[in-house]
Amino acid sequence: MRKRAVASSLLALSLVATGCASADDEAEQPAPAVSGDSEWQSVVDAAKEEGQVTWYSVAPAEVREGLKAAFEAKYPEITLEILTMGTADMNAALEAEHDTGAEGADVVTSVDYGWILDKSEQDWISDLEGPAAELDEWGDYIINGQVANAGLGLMVLGWNTSLYSGTVESYDDLLVSDLGDGALGTARPEPAIHADHWAFVEASHNSDYVAELAEQEPALYPSAFALQEALAAGEVAVGAFVSAADMVGLKSKGAPVEFAVPDPAMAIGNMFFIPASGKNQNAAQVFMDFFLSEEGQAIAAKNAFSPLSSVETLAGDSEVVLTDVDRVLDQDWYTAYLADWKAIYE
């Protein structure tokens, strides 16, 4: 079955049709060159001359490390340098680089949707030029022809196999009696991205989720990372807001954890873009094209979700809904949602 997906508030791209060989030719003709091939090869050649691309990133560690190894293997002339930092520090650095012309980021991955979309409207971000960005399946996930919204944060249901002998395959499975009194953990709906996950569960699984989960008296954590660590340590038996990629990492280290992908599932979008202030624009374009390609997605999205149906991911046949960007950026919605949640939980 082909993977299904839903993206929010994104603009589609279209492909440019190319000509075909004359029907009068009796002999089989070689396939004509795709329009723009020579131009793209010029970008690749220039990227090799630049020799470096710097990536500011909040993407999961396994994504960063996997892409670096594969990209440098394919383009040994280009070194990929990765810098991880918090959102506030990243934005401050990017603004300083834009204002002063200082060398810095060539590619960025961030979840600060409002900042990114504002800068896209202000011409701070370069258009994507690589052929992979023109693939039909990326259409709904590319914003303004500049920003790729990648569902790398696939949220799943996890449990500690030493503490819980059952399985958890849906959000309704969290409501059984033996998961009461703090046996279940989840993340508070702060910040708005977390609240969007709560709203997603209400809309797609159980309209009474907030109130019914409160009856379980769940342990509340500030983030998926904190909850995952608690799950692995045996502080809670089941986790309602954990990352597939991180759970894979914990299992590989011997933690007694297992997880299941609900259907539908939510993936937190990681936005990839090229700042116009970057000094290695060609190398940045080549890296972005690699990330968006089938080869790059097979590495970056294997433990998450990819729009490319040819790429095998943990999402499998589950419908995947990306973060509702409009909802996350609606301060009135978030303020009201958080107040309603606190009225129940606090």
Q: Compute the ring centroids of His194 and Tyr221, then answer whether they are less than 6.0 Å apart.
A: no
Q: Step by step, work out the side-chain contact (heavy atoms from CB on, under 4.5 Å) result for Leu329 and Leu117.
A: CA-CA 10 Å; Leu329 297 180; Leu117 298 181; 4.1 Å; yes
Q: Give the ring-plane orientation class for Tyr141 versus Phe305, where under 30° counts as parallel, over 60° as perpendicular and anything between as tilted.
A: tilted
Q. If Ile, Leu, Val, Met, Phe, Trp and Tyr residues are connected whenever their side-chain heavy atoms lie under 4.5 Å apart, and connections chain through other members, are Leu175 and Ile344 in the same group?
A. yes
Q. Less than 4.5 Å apart, any side-chain heavy atom of Asp106 and any of Tyr56?
A. no
Q. Do Asn144 and Phe273 come close enough that some side-chain heavy atom pair is under 4.5 Å?
A. no
Q.
Any carboxylate oxygen within less than 4.0 angstrom of a Lys/Arg side-chain nitrogen, looking at Lys302 and Glu312?
A. no
(Q) Before we go on, tell me: are the rings of Tyr337 and Trp333 under 6.0 Å apart, centre to centre? (A) yes
Q) Is Leu250 linked to Leu163 within one hydrophobic cluster, defined over Ile, Leu, Val, Met, Phe, Trp and Tyr using a side-chain heavy-atom separation of less than 4.5 Å? A) no
(Q) Could you tell me if Ser243 and Gln228 have a donor-acceptor pair between their side chains, going purely by distance under 3.5 Å? (A) no
Q) For the residue pair Tyr345 and Trp198, does the interplanar ring angle fall in the parallel (under 30°), tilted (30 to 60°) or perpendicular (over 60°) class? A) perpendicular
Q: Take Ile274 and Met288, measure what side-chain contact (heavy atoms from CB on, under 4.5 Å) needs, and give me the verdict at the end.
A: CA-CA 8 Å; Ile274 299 172; Met288 280 298 300; 3.7 Å; yes
(Q) I'd like to know if Lys279 pairs up with Glu50 as an ion pair, taking the criterion as any Lys NZ or Arg NE/NH1/NH2 lying under 4.0 Å from an Asp or Glu carboxylate oxygen. (A) no
Q: Could you check whether the rings of Phe287 and Trp55 sit parallel, tilted or perpendicular, using 30° and 60° as the cut-offs?
A: tilted
